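Below is one structure, written out as structure tokens, with a few remarks after it.
Quick caveat, the model's predicted, so the values are computed rather than measured.
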Amino acid sequence: MNTTRVFANMSAVFSSGRLDAEKLRRIVECKGVAEAFKMLGDYGYAYSEGQSVDGFIVGETNRLIQFVTENSPSAKLAEALLARFKYNNAKLAYKSRFISVPSDGYYDVDLPVSKIADGDYDDLDRVMAQALTELDEQKEESPLAIDLALTRAMYAYVLSLGMPIVKKYFRAEIDMKNILTYARMKKLGISGDQFISGGKIDCSKFEDDFMDCLERTPYAEYAERVAENDFSDLWKSEMEADDYLYCLTRRDVADYGSLTPFLNYYTETLIELKTVKTALVCIKTNSRDLFYKRIPEIYR
């Protein structure tokens, strides 16, 4: 059900801010994951006894999906924001032909995964159907190749929806992903076409001069930090990419006549769930000190 922009934005702002630095500290200091789950329940999260960390995160992501579905001020915006979850399900369904995939890895979105597993693409969007058909023609069974093909298709689909604020957001996300992809390849000493089309940066020139390609872009300072110490601290760069997208939508978060507050809540929730998962894993592995080095900027 679509709502007015003002109501959607008010709902988003009201639902935001479940975590802050102090709450995160309390969670990380829990004696175990079960205690942390109970504390997260006090903070407004849903959990059940015996739940796994991954199952918990998928469940909370489904709550975000439900929120977007019910409160999005436009059908196109909902399509754009839910695309990453639909394409994730498509990846799992396609790979289920060759390998075992976790049943709790599927998100609660409207996508006929059983049909995808059987090779029936009639009910899919045109971009997804084309990508899956090409994978069939190539007889592709590499999980990495499948992930890349459908990730590229997902961004192509989102950009095809033609919403200016959405295009600005996802083009920035593409640029950040491409920068990180190049950094990982440099760190590993490998090469290849692993970039995503649709961003504003010409990635084909990265190998000639990475820094020069980004010199007059919004990512110049970010690229300098990515390249520090021979691309050795990429986990920091991944966090900074999240912070960049959050700040991109935070600037106009008070403009209730735009789509920005709703998009900002979506971004904040994705960062929040990633942070909670990191906290739970650090508790489980007794590496709490590591968590404090990996708190996103929005919680500092």
Side-chain angles (χ1 to χ4, degrees), residues 80 83-84 87-88 90-91 127-128 130-135 137-251 263 267 270-271 274 293-294 296-298:
R84 71 174 78 244
Y87 277 75
N88 172 83
K91 293 173 185 178
V127 179
M128 182 185 290
Q130 181 179 344
L132 292 170
T133 299
E134 290 175 357
L135 287 170
E137 292 171 351
Q138 296 160 8
K139 295 181 170 55
E140 188 59 73
E141 295 189 14
S142 164
L144 291 177
I146 294 166
D147 285 346
L148 178 59
L150 286 169
T151 296
R152 286 171 168 169
M154 185 273 288
Y155 283 109
Y157 174 71
V158 170
L159 296 178
S160 74
L161 296 174
M163 303 185 71
I165 184 63
V166 169
K167 290 172 74 172
K168 179 181 179 181
Y169 176 91
F170 280 94
R171 279 177 172 164
E173 186 171 296
I174 291 168
D175 286 336
M176 304 297 269
K177 283 184 177 293
N178 283 338
I179 290 170
L180 285 168
T181 293
Y182 176 76
R184 292 189 190 100
M185 289 193 296
K186 288 294 290 184
K187 185 175 181 179
L188 296 172
I190 61 176
S191 60
D193 181 14
Q194 298 184 27
F195 298 114
I196 301 167
S197 299
K200 292 187 175 181
I201 299 171
D202 183 1
C203 306
S204 65
K205 299 180 180 178
F206 276 178
E207 198 61 46
D208 296 331
D209 195 328
F210 176 65
M211 296 306 304
D212 187 57
C213 288
L214 298 164
E215 184 178 1
R216 295 176 182 83
T217 73
Y219 317 111
E221 293 183 4
Y222 172 68
E224 288 182 6
R225 291 189 289 275
V226 170
E228 285 178 353
N229 302 319
D230 293 325
F231 303 96
S232 62
D233 294 324
L234 296 187
W235 63 270
K236 292 181 181 178
S237 303
E238 291 172 2
M239 287 177 54
E240 192 171 343
D242 289 338
D243 289 331
Y244 180 90
L245 292 171
Y246 175 79
C247 292
L248 187 67
T249 54
R250 185 66 182 173
R251 296 167 190 165
L263 186 54
T267 309
L270 291 179
I271 296 173
K274 189 182 294 187
K293 298 177 181 178
R294 302 197 173 196
E297 188 64 31
I298 66 173

Practice item. Test Arg84 against Leu270 for side-chain contact (heavy atoms from CB on, under 4.5 Å), laying out the working first. Key: CA-CA 11 Å; Arg84 71 174 78 244; Leu270 291 179; 3.9 Å; yes
Practice item. Kindly indicate, with the supporting measurements, whether the criterion side-chain contact (heavy atoms from CB on, under 4.5 Å) is fulfilled by Met163 and Lys167. Key: CA-CA 6 Å; Met163 303 185 71; Lys167 290 172 74 172; 5.6 Å; no
Exercise for review: Given salt bridge (Lys or Arg N to Asp or Glu O under 4.0 Å), test Lys168 with Glu173 step by step and report yes or no.
Suggested key: CA-CA 9 Å; Lys168 179 181 179 181; Glu173 186 171 296; over 6 Å; no
Review point. Are Gln138 and Glu134 close enough, and set up right, to give a side-chain hydrogen bond (donor to acceptor under 3.5 Å, both in side chains), and what steps lead you there?
Key: CA-CA 6 Å; Gln138 296 160 8; Glu134 290 175 357; 5.0 Å; no
Practice item. Kindly determine whether Leu214 and Phe206 satisfy side-chain contact (heavy atoms from CB on, under 4.5 Å), including the steps that lead there. Key: CA-CA 9 Å; Leu214 298 164; Phe206 276 178; 4.3 Å; yes
Check your understanding: Passes side-chain contact (heavy atoms from CB on, under 4.5 Å), Met154 versus Lys91? Steps please.
Key -> CA-CA 11 Å; Met154 185 273 288; Lys91 293 173 185 178; over 6 Å; no
Point to revise | salt bridge (Lys or Arg N to Asp or Glu O under 4.0 Å) assessment of Lys274 paired with Asp242 | key: CA-CA 10 Å; Lys274 189 182 294 187; Asp242 289 338; 3.0 Å; yes
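Met211 and Ala220 make their closest contact through CE-O, 4.0 Å (heavy atoms, listed as atom of the first residue, atom of the second, distance). Residue Glu140 comes nearest to Ala145 through the heavy atom pair CD-CB, 3.5 Å, listed as atom of the first residue, atom of the second, then distance. When all heavy atoms of Ala227 and Phe210 are compared, the pair lying nearest together is CB-CE2, 4.4 Å. When every heavy atom of Phe170 is checked against every heavy atom of Ala80, the shortest pair comes out as CZ-O, 3.8 Å. Looking at every heavy atom in both residues, Ala156 comes nearest to Val127 through CB-CG1, 4.2 Å. Across all their heavy atoms, Ala149 and Ala131 have their closest contact at O-CB, 4.4 Å.
A 4.5 Å side-chain heavy-atom check between Lys293 and Trp235 finds at least one atom pair inside the cut-off. Using a 4.5 Å cut-off on side-chain heavy atoms (C-beta onward), Met185 and Phe195 make contact. Residues Thr217 and Lys200 are not in side-chain contact: their nearest non-hydrogen atoms beyond the backbone lie 4.5 Å or more apart. Within the 4.5 Å cutoff, the side chain of Arg225 has no heavy atoms near those of the Lys236 side chain. In this structure, the side chains of Ile179 and Val226 come closer than 4.5 Å at one or more pairs of heavy atoms.
With sequence neighbours excluded, no residue forms a ring pair (Phe, Tyr, Trp, His ring centres under 6.0 Å) with Tyr157. Residues that satisfy the salt bridge (charged side-chain N to carboxylate O under 4.0 Å, His left out) test with Asp193, not counting sequence neighbours, are Arg152.
Taking CG of Asp243 as the reference point, atom OG of Ser237 lies at 11.5 Å (rounded to 0.5 Å). Distance check, rounded to the nearest 0.5 Å: OG of Ser191 to OH of Tyr182 gives 10.5 Å. Rounding to the nearest 0.5 angstrom, the gap separating the CG atom in Asn88 from the CG atom in Leu150 is 10.0 Å. Once rounded to the nearest 0.5 Å, the distance linking CG of Asp147 with OH of Tyr87 reads 14.0 Å. Leu248 CG to Thr267 OG1: the interatomic distance, rounded to the nearest 0.5 Å, is 8.0 Å. The distance from atom CG of Asp202 to atom SG of Cys213, rounded to the nearest 0.5 Å, is 7.0 Å.
Taking the centre of each ring, Tyr222 and Tyr244 stay at or above the 6.0 Å mark.
Look at Arg294 and Glu238 and you find no salt bridge, because none of the NZ, NE, NH1 or NH2 atoms lies under 4.0 Å from a carboxylate O.
The closest side-chain donor-acceptor pair between Lys177 and Thr151, if any, does not fall under 3.5 angstrom.
Among Val166, Val158, Leu159, the single residue meeting the side-chain contact (heavy atoms from CB on, under 4.5 Å) criterion with Arg171 is Leu159.
Asp175 places no side-chain N or O within 3.5 Å of a backbone atom of Gly199 that could act as its donor or acceptor partner.
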